[in-house]
Amino acid sequence: MAVINIDEAKKNVQQVGFLDVDIDARLDLFKEIERLKKEKNAIILAHYYQEADIQDVADYIGDSLGLAQQAEKTTADIIVFAGVHFMAETAKILNPGKKVLLPDLKAGCSLSDSAPPPLFKKFKDEHPDHLVISYINCSAGIKALSDIICTSSNARQIVESLPEDQKIIFAPDKNLGAYINKKTGRNMVLWNGACMVHEIFSREKITRLKVRHPNAKVIAHPECEDVVLQLADFIGSTTQLLKFTEKDEGKEFIVATETGILHQMQKNSPHKIFIPAPPDNSCACNDCPHMKLNTLEKLYLCMEYESPELTMDEDLRIAALKPIRRMLEISASLGL
Ligand code: SF4
């Protein structure tokens, strides 16, 4: 139950994850958020997997690479990060002088959680001659143990920018790693992590859906398992999937990634039909429960009261910054 007193809510914020206070139901949250952006020189960066209302008030909507690039170049005093914890952490790593707010500190990530830093350190020590490339969906602790960070937009090019005989560990997503191994002919050692949302799609149900929609193209994120990727007409990062649906002459698409992206796809191509790929049970498991912890109400409250704020240890921040910078430099040199 919500508490009445804001000071009490602030005290509880680390434990609860967000400011648990009631909001005056008469407030127009869209207007209020616009006001707060101007008053506080704040920018809202939102991931494509956020709920539609949050996407509609964001200054920038993107995938992990785009969001990191925006976080790096913003002149705003406050970055409000409507995404999950590791994304806000990345923004803080790049902008130590700025206040970074996250509507709900408990918006985590199953993929990031699948790589605890102490276990990964042991794994890395067992492969001393390997360079570590980590997908950006990981904690600052894993980033600090990595040589280069990548996203699904640039993973292939980053791997290909290294000498062919360079031994590589790829973490934490085994599906993305296997896909890059297949595309590049490399034999990277894979950490056994995965995203709970992208592993849930059912090959059988997608196949049945294709029979009912014979003209629909299947598009998939490389975090999906290989059995699903084999059905895909196009595989790409969230941004690449969005662009594909805008440019392709197809009129129907079965989309195998988190459902939040359908909002932008439908907005940008109103005459096309987008069908979420079905999960292998009847739950709404292709909605990321972590991403969806953020709500418009929590977004408003965190901007109004500037809490919860993401803070981090400075030594960890500096260690995690190096591999992110390397990614941004390689991406810039490749024009990504
Ligand atoms: S969709 Fe998967 S990888 Fe993305 S935040 Fe959710 S759990 Fe993490």
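Every number for a ligand or one of its atoms is a count from 1 in the order of the listing.
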| request: Taking only heavy atoms of Glu223 into account, list the atoms of ligand 1 that are under 4.0 Å away from them. | output: 3 (S)
Check ion pair [X]-[Y] (N to O, under 4.0 angstrom):
X: Lys217; Y: Asp248; value: yes
X: Lys106; Y: Asp104; value: no
X: Lys267; Y: Asp56; value: yes
X: Arg208; Y: Glu204; value: no

| field | Sub-4.0 Å heavy-atom contact, His47 with ligand 1 | value | no
| request: Sort out for me which residue in Glu164, Lys167, Arg156 forms a side-chain contact (heavy atoms from CB on, under 4.5 Å) with Arg186. | output: Glu164
| message | side chain to side chain donor-acceptor pair (under 3.5 Å), that's the test. Do Ser110 and His290 meet it? Break it down for me. | response | CA-CA 8 Å; Ser110 64; His290 309 290; 4.7 Å; no
| field | Neighbouring protein N, O or S atoms of atom 8 (Fe) of ligand 1, below 2.8 Å | value | 1
| said: Please verify the inter-ring angle class for Tyr135 with Phe170; under 30° counts as parallel, over 60° as perpendicular, anything in between as tilted. | reply: parallel
